[in-house]
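Following: one structure in structure tokens, then a few remarks.
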Amino acid sequence: MFLTVDANDKRPLYQQIIDGVKALIARGELPEGTTLPSVRQVAGDLGVNLNTIAVAYRRLQEEGFLTIRHGASAVVSSRRARAVEEDELRQPLRTALTQLILAGRSTEEIITAVQEELEFIQQKGDSR
Amino acid sequence: MSGHSSGDWLLLFVTALIVIVFVFYLVRRLWNYPLNHGPGFFLDVEVAPGFYNGEGVRWLKLYRTILLAGYFIGALALAAILISGRWFLLPAWAGGTALVGVPICYGFMAYTRAKLGANPPVPTRTVVSLETRRLGDYISWPAEVLMAVIIAFSWALLLTHGDAKVHWGWPVLLTYIIVGLLPFKIGVVRNSYPLPSERAEEHYRWMEAQRRQWLRVQDCVRWFLIVNLAGYALLHGWPAASKIAWLHWLVIGIAMAVWLASVGMLIRGSGRLAAMGRDLRPLGNWSGPFRRATLMMPGVSPWWYGAWCGGLVLLLVLFRP
């Protein structure tokens with residue numbers, strides 16, 4: 001399991017870690033019960049501050065994806081996030097769709113893109 | 001030379017084996033080492049296509065000249081020891097050659113980076129593995145405990161029953177190296193490199209193989225020294241041992257077996273690593289988006305190596321024969 005981070009990405013590094021871990025969970029590459037490496041290991045391997053990784057792990061814990069016991073490793077706890085409002089859940093989708101519309105994509109192109117992304121995620125998940 | 005004991009002749013035999021290994025390494029591994037990662041690299045510096053048709057020839061010549069000069073100095077020192085009849089210096093020669101060789105090697109690597117890789121490309125994308133690295137997955141704690149017990153037993157024997165011939169520098173030196181290599185092993189497990197985003201899986205497998213190889217080499221060295229320490233303690237701390245001729249040869253036989261197994265492992269492992277990493281990007285040598293390049297392998301800083309060698313030299317001075 002690998003996590004890709006990009007220095008040119010507009011998202012802060014901790015957000016890239018959060019999104020990356022969520023994507024791996026969604027695709028089934030990080031099944032429930034999988035132990036993630038320690039904050040120290042990930043920070044050391046990447047060469048970033050411990051706090052950056054700690055923030056990412058804490059957010060994932062708050063959203064219900066990880067369980068972190070004091071002094072122990074982080075464990076993937078669920079493939080589903082904690083119960084959230086439908087509106088909150090759709091907000092990122094709305095933002096992404098707005099960006100696609102502003103980029104000049106037609107409705108058909110947007111639907112195709114969404115279907116492709118969905119199939120990609122589901123295929124990865126089913127292949128496990 | 002008739003004044004030499006059977007122990008001296010054994011030392012000579014072991015030295016001859018070490019010389020064979022050194023020469024084998026020179027021919028099979030070191031001579032073309034800068035090309036280990038394919039023609040796109042010189043050592044760990046990425047070079048332009050056609051480098052080896054132009055400037056690269058000069059660089060290869062420089063590398064090989066330094067390599068041969070190092071071997072030549074080592075050969076001169078060996079000849080001086082043999083001719084002067086001070087064969088007891090042979091272990092110091094073998095160890096000293098390896099200790100001096102490392103800084104020369106890394107010094108040359110630093111020089112090539114400064115000259116050839118002054119403006120290396122800094123990739124913006126990097127990959128990190130989410131596999132956990134626990135010390136217990138790499139270091140056998142029962143084996144470490146066994147080592148500690150043997151060291152403690154050897155020291156207890158020497159301190160309570162050591163004869164007048166005990167030269168304390170030898171057990172101190174052996175213990176220093178054996179114990180001093182444990183933090184090195186922990187460092188090798190704990191530290192890692194970010195991976196390139198291209199062929200991340202292959203780079204990861206290669207990095208893991210490299211890590212395991214280094215740990216195996218350290219363990220082989222430590223077990224070899226443990227056998228030496230325990231054998232020394234037995235022969236000098238147990239009066240009856242001097243009357244049992246086969247015990248002497250048993251200790252020597254075990255030490256030789258461990259040494260030969262280590263050499264075999266080192267040669268096989270380095271060959272496998274070279275084949276695996278043939279066209280992969282050398283890890284840790286480029287500055288990443290979040291991390292500077294490292295000169296030495298993960299877990300070893302030049303400061304740590306310098307401090308460790310400094311301690312070794314200090315012990316050699318304090319307990320000189």
Side-chain angles (χ1 to χ4, degrees), chain A residues 1-53 55-57 60 65-69 71-76 124 128, chain B residues 120-139 183-208 210-211 280-281 283-301 304:
Chain A
M1 287 160 297
F2 300 105
L3 201 64
T4 306
V5 289
D6 192 338
N8 285 348
D9 197 308
K10 285 174 186 162
R11 292 170 298 163
L13 188 60
Y14 74 87
Q15 192 60 51
Q16 290 186 50
I17 305 274
I18 293 170
D19 293 345
V21 171
K22 279 184 187 174
L24 288 169
I25 293 173
R27 293 204 293 264
E29 289 181 35
L30 275 178
E32 203 168 332
T34 307
T35 305
L36 289 187
S38 65
V39 168
R40 188 177 293 275
Q41 182 184 318
V42 179
D45 289 3
L46 271 175
V48 299
N49 194 291
L50 283 175
N51 281 333
T52 306
I53 310 300
V55 166
Y57 273 29
L60 285 163
F65 290 106
L66 295 184
T67 306
I68 305 171
R69 284 184 298 275
S73 305
V75 178
V76 176
K124 286 274 187 174
R128 287 193 58 85
Chain B
V122 179
T124 58
R125 279 161 69 88
T126 190
V127 171
V128 66
S129 165
L130 289 181
E131 300 288 339
T132 48
R133 288 196 308 276
R134 294 185 197 90
L135 283 180
D137 296 337
Y138 296 87
I139 297 174
F184 173 82
K185 280 180 68 180
I186 293 172
V188 168
V189 175
R190 289 235 165 110
N191 290 285
S192 187
Y193 301 121
L195 303 162
S197 54
E198 317 86 40
R199 302 168 72 190
E201 181 85 43
E202 285 170 82
H203 279 95
Y204 178 74
R205 278 205 303 271
W206 181 56
M207 184 170 63
E208 275 299 291
Q210 191 185 42
R211 194 192 309 278
L280 295 178
R281 178 174 284 278
L283 296 171
N285 56 330
W286 298 118
S287 297
F290 313 108
R291 182 171 157 154
R292 284 171 54 203
T294 52
L295 182 60
M296 299 186 100
M297 55 180 297
V300 189
S301 77
W304 185 91

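These numbers come from the heavy atoms of this one structure, side chains and all, not from hydrogens, waters or symmetry mates. Owing to the predicted nature of the structure, the values given are computational and were not obtained by experimental measurement. Sequence lines set the chain letters: A, B, ... in the order given, protein chains first and strands last, and positions in each chain run from 1.
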Residue among A/Val42, A/Thr4, A/Leu3, A/Thr34 with most heavy-atom pairs under 4.5 Å to chain B: A/Leu3

Decide if atom CZ of A/Arg40 counts as having more than 12 heavy atoms of other residues, nucleotides or ligands within a radius under 6.0 Å. no

Identify which one of B/Leu130, B/Val128, B/Leu195 satisfies the side-chain contact (heavy atoms from CB on, under 4.5 Å) criterion when paired with A/Asp45. B/Val128

Min side-chain heavy-atom separation A/Gln41-B/Arg190 under 4.5 Å: no

Please give me the minimum heavy-atom distance between A/Pro37 and B/Ser129, naming the atom from each residue. CG-O, 4.2 Å

Looking at B/His203, B/Glu201, B/Glu131, which hits side-chain contact (heavy atoms from CB on, under 4.5 Å) with A/Phe2? B/Glu201

Got a sec: does the CZ of B/Arg133 have more than 12 other heavy atoms crowding it under 6.0 Å? yes

